[in-house]
Amino acid sequence: MICLNLFSSILMYNYSLWRFEESFVLPNHTLTEFLIVFFMFPPIILIFLSNYPKRWVVQIAYITFWVFMFSWTEYIAIRFGLTTYHNDWDFYWSLLFNCVMFPILRLHHSRPLWAWLLGIPITAFILVYFNFSLENMK
């Protein structure tokens, strides 16, 4: 999750799908990204994985809870202008992404190769669908 987030931020530097705007705490996207990736994601991932339930019915509820929490946080950030969307990305794409990200995060914990095999076509779809091209790279 951390590596892919940083990779996408670097790869899509000139063609962002979303951007963290200046706030009273952090002055730019890059510093906000570093705060999220290095200080928020590690404990979130540890909490998510360490409390992952065994029964599949409870797993669905658990993943739904995390998708809701991530999506709700993003919705608040959008409403307060702390995050903006670009290049046809919107809240619904983020919601769908969260629905895919949490199961793949869990899959990566138990079967990393399968997670990568699923993640590669998803990444390719995002790059193609949102018209990312090599010319957009810095």
Side-chain angles (χ1 to χ4, degrees):
M1 187 170 159
I2 292 167
C3 291
L4 288 177
N5 193 292
L6 288 174
F7 177 72
S8 68
S9 289
I10 292 167
L11 183 66
M12 301 182 111
Y13 181 80
N14 288 326
Y15 195 78
S16 298
L17 298 179
W18 63 87
R19 188 169 32 249
F20 301 115
E21 300 298 336
E22 179 180 331
S23 70
F24 62 92
V25 177
L26 295 165
N28 58 45
H29 173 88
T30 303
L31 291 177
T32 304
E33 186 83 55
F34 283 164
L35 174 75
I36 291 168
V37 166
F38 293 118
F39 295 102
M40 292 174 69
F41 279 177
I44 287 169
I45 293 166
L46 287 172
I47 292 167
F48 173 75
L49 292 174
S50 65
N51 294 302
Y52 198 81
K54 294 190 186 309
R55 293 184 9 196
W56 70 270
V57 174
V58 182
Q59 290 172 1
I60 293 170
Y62 187 73
I63 289 172
T64 301
F65 168 79
W66 281 93
V67 167
F68 174 78
M69 293 306 292
F70 254 57
S71 301
W72 178 251
T73 302
E74 185 169 331
Y75 177 77
I76 297 299
I78 293 297
R79 297 292 292 168
F80 283 99
L82 299 172
T83 303
T84 54
Y85 296 131
H86 305 275
N87 299 309
D88 296 327
W89 190 266
D90 60 26
F91 179 77
Y92 299 105
W93 280 109
S94 286
L95 180 63
L96 179 61
F97 182 81
N98 290 337
C99 289
V100 171
M101 177 186 65
F102 281 103
I104 290 182
L105 180 60
R106 172 60 178 132
L107 181 62
H108 186 272
H109 180 67
S110 60
R111 299 188 189 276
L113 180 59
W114 281 107
W116 282 102
L117 290 174
L118 285 172
I120 290 169
I122 292 168
T123 302
F125 170 79
I126 291 170
L127 292 173
V128 170
Y129 186 86
F130 290 100
N131 300 313
F132 180 77
S133 68
L134 294 177
E135 290 82 35
N136 292 327
M137 293 178 71
K138 185 174 181 179

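Heavy atoms only: backbone and side chains are in, while hydrogens, waters and symmetry mates are out. Computed from a predicted model, the values in this text were never measured in an experiment.
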L95 reachable from F125 in the ILVMFWY side-chain graph, under 4.5 Å edges:
yes

Do you reckon I120 sits in the same ILVMFWY cluster as M101, going by side-chain contacts under 4.5 Å, direct or chained?
no

Hydrophobic cluster (4.5 angstrom, side-chain heavy atoms) - remaining members for W56:
V57, I60

Kindly assign one of parallel, tilted or perpendicular to the pair F70 and F41, based on the angle between their ring planes and the thresholds 30° and 60°.
parallel

How long is the span from the CD1 atom in I10 to the CG atom in N5, to the nearest 0.5 Å?
10.0 Å

Please tell me whether Y85 and W93 form a close aromatic pair, meaning their ring centres lie under 6.0 Å apart.
no

Residues in side chain to side chain donor-acceptor pair (under 3.5 Å) contact with T64, at least two apart in sequence or another chain
none

Do I47 and V58 belong to the same hydrophobic cluster, where Ile, Leu, Val, Met, Phe, Trp and Tyr are linked whenever their side-chain heavy atoms lie under 4.5 Å apart, directly or via other members?
no

Can you get from F80 to M69 by hopping between Ile, Leu, Val, Met, Phe, Trp and Tyr side chains that sit under 4.5 Å apart?
yes

Can you sort out the partners of Y129 under side chain to side chain donor-acceptor pair (under 3.5 Å), two or more places apart, ordered by chain and number?
none

Can you tell me how far CG of L96 sits from OH of Y92, rounded to the nearest 0.5 angstrom?
13.0 Å

Mind listing the closest non-hydrogen atom pair of T83 and I78 along with its distance?
O-CD1, 3.1 Å

Per-pair distances, 0.1 Å, donor-acceptor, side chain in residues 26-33, under 3.5 Å, sequence neighbours excluded:
unit_1	atom_1	unit_2	atom_2	d
N28	OD1	T30	N	3.3
N28	OD1	L31	N	2.9
H29	ND1	F20	N	2.9
H29	NE2	E33	OE1	3.2
T32	OG1	N28	O	2.9
E33	OE1	S9	OG	3.0

Apply the side-chain hydrogen bond (donor to acceptor under 3.5 Å, both in side chains) test between S94 and each candidate in W89, W18, Y75; give the one that qualifies.
W89

Report yes if the side chains of I45 and L105 come closer than 4.5 Å at any heavy-atom pair, otherwise no.
yes

With clusters built from Ile, Leu, Val, Met, Phe, Trp and Tyr whose side-chain heavy atoms come within less than 4.5 Å, directly or transitively, what are the remaining members of the cluster of W116, listed by chain and number?
L4

Considering only heavy atoms from C-beta outward, does the side chain of I63 approach that of F102 to under 4.5 Å?
yes

Decide yes or no for I104 and M1: does some side-chain heavy atom of the first lie under 4.5 Å from some side-chain heavy atom of the second?
no

Atom CG of residue position N51 - does it have more than 12 heavy atoms of other residues, nucleotides or ligands inside 6.0 Å?
yes

Going from OH on Y15 to CZ on F132, what distance comes out if it is rounded to the nearest 0.5 angstrom?
9.0 Å

Gap between atom CZ of F24 and atom CG of L82 - 0.5 Å precision
7.5 Å

First locate atom CE of M12, then atom CZ of F7, and finally report the distance between them rounded to the nearest 0.5 Å.
10.0 Å

If you take all heavy atoms of I2 and P42, which pair is closest and at what distance?
CD1-CG, 3.8 Å

Could you list the residues that satisfy side chain to side chain donor-acceptor pair (under 3.5 Å) with H109, not counting sequence neighbours?
none

Atom pair CG/CH2 of N98 and W66 - distance to nearest 0.5 Å:
12.0 Å

With clusters defined by side-chain heavy atoms of hydrophobic residues (ILVMFWY) lying less than 4.5 Å apart, directly or transitively, does V67 cluster with W72?
yes

Show the numbers, then the answer: is there a side chain to side chain contact (heavy atoms under 4.5 Å, CB included) between V25 and L35?
CA-CA 11 Å; V25 177; L35 174 75; 5.6 Å; no

According to the interplanar angle, ranging from 0 to 90°, do the rings of Y62 and Y52 count as parallel (below 30°), tilted (30 to 60°) or perpendicular (above 60°)?
perpendicular

